[in-house]
There are 4 protein chains.
Amino acid sequence: MFSKFLNLDKEKQQRVLNAALKEFARKGYDDASTIEIVKEAGISKGLLFHYFNTKKDLFLFLYDYSMKIIKTEYFDMINTKDKDIFVRLRQVYLLKIELIHEYPWLFQFSAVAASTDSKDVKKELESRKLEMESMGFAKMFENIDESKFKKGIDVEKAKNIIFWAIGGYTNKVIEEVKASELEEPDYDKVLEEFDAYLDILKVWAYN
Amino acid sequence: MFSKFLNLDKEKQQRVLNAALKEFARKGYDDASTIEIVKEAGISKGLLFHYFNTKKDLFLFLYDYSMKIIKTEYFDMINTKDKDIFVRLRQVYLLKIELIHEYPWLFQFSAVAASTDSKDVKKELESRKLEMESMGFAKMFENIDESKFKKGIDVEKAKNIIFWAIGGYTNKVIEEVKASELEEPDYDKVLEEFDAYLDILKVWAYN
Amino acid sequence: MFSKFLNLDKEKQQRVLNAALKEFARKGYDDASTIEIVKEAGISKGLLFHYFNTKKDLFLFLYDYSMKIIKTEYFDMINTKDKDIFVRLRQVYLLKIELIHEYPWLFQFSAVAASTDSKDVKKELESRKLEMESMGFAKMFENIDESKFKKGIDVEKAKNIIFWAIGGYTNKVIEEVKASELEEPDYDKVLEEFDAYLDILKVWAYN
Amino acid sequence: MFSKFLNLDKEKQQRVLNAALKEFARKGYDDASTIEIVKEAGISKGLLFHYFNTKKDLFLFLYDYSMKIIKTEYFDMINTKDKDIFVRLRQVYLLKIELIHEYPWLFQFSAVAASTDSKDVKKELESRKLEMESMGFAKMFENIDESKFKKGIDVEKAKNIIFWAIGGYTNKVIEEVKASELEEPDYDKVLEEFDAYLDILKVWAYN
DNA sequence: TATGAATGAGAGTTCATTCAT
DNA sequence: TATGAATGAACTCTCATTCAT
């Protein structure tokens, strides 16, 4: 199907993939411009369609590509031997930062793809949505030692609060990066702050 | 500037405003269609441009209009005499539900506007972003009795966690409404669950 | 459906119709250029699509329009009281010339439409093909006095020969007009020659 | 000019020629796709252009090639010793069927080429149109014994009628083949019917 | 004020043709 | 000679915006 593209040398593939992920991540499906993608990738308009046939196919290719990476290089890498939820979350966070380094637009693209309502791709997306979010959520909280939690509290809700709190912090970092037009945050500082939040949650949630 | 529009009878103004808020909220700036707006509003295409000159001006008018409502009818209505953060949050939540009833697309529009990156409006939006979020955050946590919090914990971070947890729950509700294609959730059930989350956070955060 | 177009003043309608009939008649469906049509019609690119939505819809509109004219102003006008086949054919021929005067590209368009294989319109065409040709053939030869024909000859085949001979002459005239780049032939000369052919066929076919 | 192509082994030449004739015959000049040709011929895109430079040159090469075959293997093969027009026509008909067997797309291609109006090739076609039709017509009716015709009738016109009648029958057969999606008609049946038409014409035209 | 026909730049896509290998 | 990736002009179609009425 996409063999023409996949036979390219890796460097050119990366250029095209990153350009496309970036454009879709920033503008969403409908507003993303194929012209911007080819400009950024340094290829001609015709060539993009030589590889991917349509904008829609390109998007779905990127979706599958992203999901594959997120599954194999993120979810599957979560070590469920750490049973303490905060040790686990820290581990996952470090994994994510690593991945963002390698694929700067991957998570933003997948977030945009997950929430798009564009009628062109909605149907196809629904049919393949493996619920990355829920899959990630499940893996993140798999085999957790719940005995450490304060008694008398709904553990599912407790997990949700922890999940949302961490997601909130992550979004804050992303917003700050966007606003300051940095390409990358200072990950040491971020991790330090992240740990501070984990510490609070630990004190709160555990006995 | 928009005097032509503002001189209309209120009923017609509302029709146009709601139609436009709805379209932008659903599709984002670039993908919103002026023809859909005029159809829904029951006016002609020419008239919309007679009132607002350009799509961009319409959008920015809506943004300012939304911010004004959110400020005057939401943030300013927060009663800071309730010093307990969880009493406060519950109060704010009820206020928001009330406002959603009156302006169904207001908060979704403001969320879309806040996160749009469309180059047409990005610059103007930045220059006027009064940081609704931070403004809301500030008001929501203004004059809070911090003595109730567990000692030895960074209060600002604690507030953030609570804020994000609540935001997370809100988004979950919105996603569920979207997925079930309901126009409105069952607010009683939602409030009950909301309270359950507040209770957990209370146990956690307070002594 | 095509109300926007049908509400135009007749002169503009004619300009657009003739431009489109001409372009499709000359180049066939696939190769016809909407740009050429709008140039010839003196309207803008957008306007053609404002009227007809797609090239396909335009083509099918033209098809239905042409079939209607050919039916009501050609086939239905054939006077079947003339039972002599040669009187009938002469009558039909005069009718056709008249119609060509009014709608110069009508018959060429309908011939092109009948023989097009373009996958875009093939299906729709098939579903509505009222078999103009066979319908015309039927009407042309309806209520003919067959007693005048030479005995012992298959009358159906005889009719076919006459039909093809006349068709052949007609095509010859069309080719000559094309080659000389005249817009219209000298109809008096053509009719004279046509009569000469009819006379021969009469001597041949009748006793 | 086309020496690169002509130096190929005959089998490959034939593959390319037949693929190209078929594609042009089916779709006309403008709508014919070079990629379809190379796929059918089993060569690469670059190679086609290496041989023929442009689509136009390929088309004109095919035209000249076709005309040459039609001249040498069709018109020149007409045996003018048969002076009876109907014997002659039958002979020509059999010749044509034979040739169609050998070059399935030859006549359809030449018909399409003769009637194309595509501006790319129109001019060149006109300048070399040796009037295949008229050439064939001339040869077909060369050295015919006109004494057998009914007296008092314009012999040229009589010949035309016979020519058109036969052409009409031929087109009918082609249409029927197309409609039934057969690759080839039942030639025995066709010949039988063809003879029936010749018989009628014979009775009519001769004393 | 109010309409919607009219405009044209720009979108995604196709395809003959070129060119590095 | 042979390949097919790469190009870019041209296609159909969309849509914010203008303008005659």
Review point. Looking at residues 7-20 of chain A, who's got a heavy atom less than 4.0 Å off DNA chain F?
Key: L8(A), K12(A)
Study note, to complete from the structure: Rounded to whole Å, the CG-C1' distance (D120(C) to dT12(F)) equals 11 Å
**Study point:** F5(B) ring center within less than 6.0 Å of Y65(B) ring center
**Key:** no
Review point. To the nearest Å, how far apart are I43(B) CD1 and dG4(E) P?
Key: 11 Å
Check your understanding: Excluding sequence neighbours, so at least two apart, what forms side-chain hydrogen bond (donor to acceptor under 3.5 Å, both in side chains) with D30(A)?
Key -> S118(A)
Exercise for review: Would you mind reading off the distance between E23(C) atom CD and dT12(F) atom C1', rounded to a whole angstrom?
Suggested key: 14 Å
Check your understanding: Just to confirm, is there a sub-4.0 Å distance from OP1 or OP2 of dA2(F) to any side-chain nitrogen or oxygen of Y51(D)?
Key -> yes
Check your understanding: Can any side-chain N or O of K55(D) pair as donor or acceptor with the backbone N or O of Y29(D) at less than 3.5 Å?
Key -> yes
Point to revise | Whole-Å gap separating P (dC15(F)) and CD (E36(B)) | key: 9 Å
Review point. Under 3.5 Å, side chain of K39(A) to main-chain N/O of T34(A), donor-acceptor pair present?
Key: no
For residues 14-28 of chain D, which side-chain N or O atoms pair as donor and acceptor with protein atoms under 3.5 Å away, sequence neighbours left out?
from, atom 1, to, atom 2, distance (Å)
R15(D), NE, A41(D), O, 3.0
R15(D), NH1, E11(D), OE1, 3.0
R15(D), NH2, A41(D), O, 3.1
N18(D), ND2, Q14(D), O, 3.4
K22(D), NZ, E40(D), OE2, 3.2
E23(D), OE2, K27(D), NZ, 2.9
E23(D), OE2, S33(D), N, 2.9

**Study point:** Residue pair K123(A), E126(A): steps toward the salt bridge (charged side-chain N to carboxylate O under 4.0 Å, His left out) verdict
**Key:** CA-CA 5 Å; K123(A) 217 180 135 191; E126(A) 268 166 17; over 6 Å; no
Check your understanding: Would you say the ring centroid of F59(C) lies under 6.0 angstrom from that of F109(C)?
Key -> yes
Check your understanding: Please give, in whole Å, the distance from dA5(E) P to L6(C) CG?
Key -> 12 Å
Exercise for review: Toss me the dot-bracket line for DNA chain E: Watson-Crick and G-U wobble, both under 3.5 Å, 5' to 3', using | for pairs to another strand and [ ] for crossers.
Suggested key: .||||||||||||||||||||
Study note, to complete from the structure: Its contact letters, B for base, S for sugar-phosphate only and - for none at protein heavy atoms under 4.0 Å, make nucleotides 13-21 of chain E read BB-BBB---
Check your understanding: At their closest point, which heavy atom of M67(C) faces which heavy atom of S110(C), and how far apart are they?
Key -> CE-CB, 3.6 Å
Point to revise | Within-4.5 Å side-chain heavy-atom neighbours: L62(D) and L58(D) | key: yes
Check your understanding: In whole angstroms, how far is the C1' atom of dA2(F) from the CZ atom of F52(D)?
Key -> 15 Å
Check your understanding: Of K4(D) and G42(A), whose closest DNA chain F nucleotide lies nearer the 5' terminus?
Key -> K4(D)
Check your understanding: Under the side-chain hydrogen bond (donor to acceptor under 3.5 Å, both in side chains) test, which residues partner Y103(B), sequence neighbours left out?
Key -> E73(B)
Revision key, fill the gap. Taken to the nearest whole Å, CZ/F59(C) to P/dC13(F) is 14 Å
Check your understanding: Do F61(B) and F52(B) have ring centres separated by under 6.0 Å?
Key -> yes
